[in-house]
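First comes the structure, then the notes that go with it.
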Amino acid sequence: MNITSANIRKWSMLGQRGSVFGIAFPELAGEYDNIKLVTADLSLLSGMDRFIQKYPDKFLNVGIAEQNMIGISAGLAMSGYNVFATTYASFIAVRSLEHVRQHLSFLGCNVKLIGSSAGVVAAKSGVSHWATEDIAFTRVLPNMQIFSPADSLEAIKIIEYAMKNDGPMYIRLSGGLNCPIVYKEDYDFVPGKLVKLKDGLAEDRKTKVALIATGLMVSRTMDAVKKLEEEETEVAYSVYNMHTIKPLDKEGLDKIFDSYDVIVTIEEHNVLGGMGSAVAEYKATKERAPRQVFIGFDDSFYPAGNQDFVLDEAGLSVDKIADRIKEVLA
């Protein structure tokens with residue numbers, strides 16, 4: 001992939017789904033002969049036209065049959081194909097969960113699930129098209145790797161990794177059109193490793209706070225920190241991007257537990273069972289660890305509207321993230 005500042009801006013405008021299916025797959029498919037891209041009637045919305053025109057033999061549309069799609073994908077994987085199966089995250093990780101468990105997790109089939117419109121990207125479509133439980137459902141499945149990219153560039157890098165590596169994966173695409181840019185230039189993507197985007201440890205302040213975010217919330221967390229630092233001089237903030245939720249970066253978390261007074265996890269997902277829960281489960285094995293604050297969907301559904309409206313209702317706007325952190329530290 002040709003990673004330039006201009007391309008990063010273009011991929012941002014296309015969003016994570018548009019960048020993955022409209023840019024990454026058409027370019028990478030020429031290098032890998034055994035790819036199969038399978039969808040449940042979502043080719044047009046996903047921007048697959050270019051891929052279908054170039055590689056019609058590598059594409060399969062099973063129609064509106066998400067559960068069947070998992071079985072078909074498992075069969076293709078057993079026949080030697082490197083399969084990528086995609087539809088809305090709510091359908092692929094929730095509606096199809098039993099099939100994912102039996103065919104992919106248990107059998108270890110080489111199928112990569114790409115859940116588009118994760119979180120509340122499809123906000124106006126209502127709860128049926130939201131995915132705020134998908135991390136919880138997929139995280140408990142053995143053999144399953146789980147990725148949640150922060151921006152379009154990282155989404156492409158995760159697809160590149162998935163092309164080269166075998167085994168079931170769940171890739172959660174939460175950034176819609178005009179996805180905020182987190183990485184303004186190329187970087188080395190290391191699966192399973194936290195990325196420190198802002199280092200507050202060197203600052204001479206009384207309280208050290210580590211903010212761990214995933215997906216679309218990474219950029220919002222960075223913006224919330226800017227807002228907080230304009231108002232608060234006694235707190236030093238560090239920001240981490242957890243693009244890999246499973247396997248968990250235990251070594252990186254150990255360093256965080258040893259270095260900070262408070263940990264805040266931020267995700268576009270239910271606070272039960274998500275990325276924050278994964279951190280807390282590991283933290284519970286330690287003799288001493290800092291307090292953790294969970295920011296996400298507070299075990300609730302919210303009214304439909306545009307994405308910013310729903311996120312604000314859930315307390316995930318930049319202002320409300322900042323306010324929650326201020327309230328906790330007070």
Side-chain angles (χ1 to χ4, degrees), residues 3 5 8 12 147-155 157-158 161 174-175 179-245 247-268 274-276 278-280 282-283 286 288-296 316-330:
I3 299 173
S5 296
I8 289 173
S12 167
F147 298 95
S148 177
D151 66 4
S152 296
L153 172 58
E154 191 159 75
K157 284 184 173 288
I158 289 172
Y161 167 78
S174 61
C179 180
I181 296 172
V182 173
Y183 297 99
K184 296 181 180 178
E185 57 187 26
D186 195 6
Y187 72 103
D188 291 328
F189 172 77
V190 182
K193 292 297 179 183
L194 286 158
V195 180
K196 184 186 282 189
L197 298 174
K198 181 184 183 302
D199 188 356
L201 286 177
E203 299 175 30
D204 186 19
R205 301 186 185 185
K206 291 182 180 179
T207 305
K208 307 289 187 182
V209 178
L211 307 174
I212 305 174
T214 191
L216 185 63
M217 291 300 107
V218 174
S219 64
R220 292 196 170 212
T221 299
M222 293 289 285
D223 290 341
V225 166
K226 291 177 185 176
K227 179 180 174 63
L228 287 165
E229 289 184 330
E230 291 173 358
E231 307 170 9
E232 175 61 69
T233 58
E234 295 297 312
V235 181
Y237 298 97
S238 296
V239 179
Y240 293 84
N241 168 24
M242 185 177 279
H243 51 62
T244 307
I245 297 170
L248 206 61
D249 182 3
K250 294 181 178 180
E251 182 180 351
L253 287 173
D254 285 341
K255 294 177 181 177
I256 290 173
F257 298 158
D258 290 340
S259 304
Y260 294 91
D261 304 303
V262 180
I263 295 169
V264 183
T265 50
I266 306 104
E267 57 192 314
E268 190 180 2
M275 179 270 289
V279 172
Y282 179 61
K283 188 161 65 75
K286 303 297 175 181
R288 291 184 178 84
R291 176 188 179 189
Q292 181 176 341
V293 178
F294 300 80
I295 299 180
L316 291 171
S317 64
V318 171
D319 287 344
K320 287 191 174 178
I321 291 171
D323 289 344
R324 176 72 191 285
I325 294 169
K326 281 194 297 185
E327 175 188 330
V328 167
L329 295 179

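Taking CG from D249 and CD1 from I256, the interatomic distance works out to 7.5 Å, rounded to the nearest 0.5 Å. Note that OG1 of T221 and CD1 of I212 are 10.5 Å apart. Values are rounded to the nearest 0.5 Å. Once rounded to the nearest 0.5 Å, the distance linking CD of E185 with OG of S5 reads 7.5 Å. Note that NE2 of H243 and OG1 of T214 are 9.0 Å apart. Values are rounded to the nearest 0.5 Å. Once rounded to the nearest 0.5 Å, the distance linking OG of S238 with CD1 of I263 reads 11.0 Å. Atom CG of D223 and atom OG of S317 lie 11.0 Å apart (nearest 0.5 Å).
At a threshold of 4.5 Å between non-hydrogen side-chain atoms, the residues L153 and Y187 count as touching. Using a 4.5 Å heavy-atom cutoff, the side chains of V209 and V264 are in contact. Side-chain contact between R220 and I266 is absent, with no heavy-atom pair separated by less than 4.5 Å. Residues L253 and M242 have side chains in contact (heavy-atom distance under 4.5 Å, counting atoms from C-beta outward). Looking only at side-chain heavy atoms (C-beta outward), L201 and K196 come within less than 4.5 Å of each other. With contacts defined as side-chain heavy-atom distances shorter than 4.5 Å, the pair T265/Q292 qualifies. Between K255 and L194, the closest side-chain pair of non-hydrogen atoms is not below 4.5 Å. Using a 4.5 Å heavy-atom threshold, the side chains of L211 and I325 count as touching.
At a cut-off of 3.5 Å, with distance as the only test, a side-chain donor of E154 or Y183 sits close to an acceptor on the other residue.
A salt bridge is absent between D151 and K157; no separation between the charged side-chain nitrogens and carboxylate oxygens falls under 4.0 Å.
Taking each heavy atom of E268 and L316 in turn, the nearest pair found is CA-CD1, 4.0 Å. Nearest heavy atom pair, residue A224 against residue I321, reads CB-CG2, 3.8 Å. Across all non-hydrogen atoms, the minimal contact from C179 to S152 is CB-OG, 3.9 Å. Between G200 and A236 the shortest heavy-atom distance is O-CB, 3.2 Å. Of all the heavy atoms in M275 and E267, the pair that sits closest is N-OE1, 2.6 Å. Nearest heavy atoms, P180 versus L216: CD-CD1, 3.7 Å.
Side-chain atoms of K198 come within 3.5 Å of backbone atoms of Y237 as a donor-acceptor pair (strictly under, hydrogens ignored).
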Show, in sequence, the C-alpha distance, side-chain angles and deciding distance for M217 and I295, and conclude whether the side-chain contact (heavy atoms from CB on, under 4.5 Å) test is met. CA-CA 10 Å; M217 291 300 107; I295 299 180; over 6 Å; no

L329 vs E234, side-chain contact (heavy atoms from CB on, under 4.5 Å): CA-CA, chis, key distance, verdict: CA-CA 10 Å; L329 295 179; E234 295 297 312; over 6 Å; no

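Judged as a salt bridge (Lys or Arg N to Asp or Glu O under 4.0 Å), and not counting sequence neighbours, the contacts of E251 are K193. Under the side-chain contact (heavy atoms from CB on, under 4.5 Å) criterion, E231 pairs with K227, K326, not counting sequence neighbours.
Heavy-atom neighbours of K286 NZ from other residues, nucleotides or ligands within 6.0 Å: above the threshold of 12.
Taking the six-membered ring for Trp and thresholds of 30 and 60 degrees, Y260 and Y240 have ring planes more than 60 degrees apart, a perpendicular arrangement.
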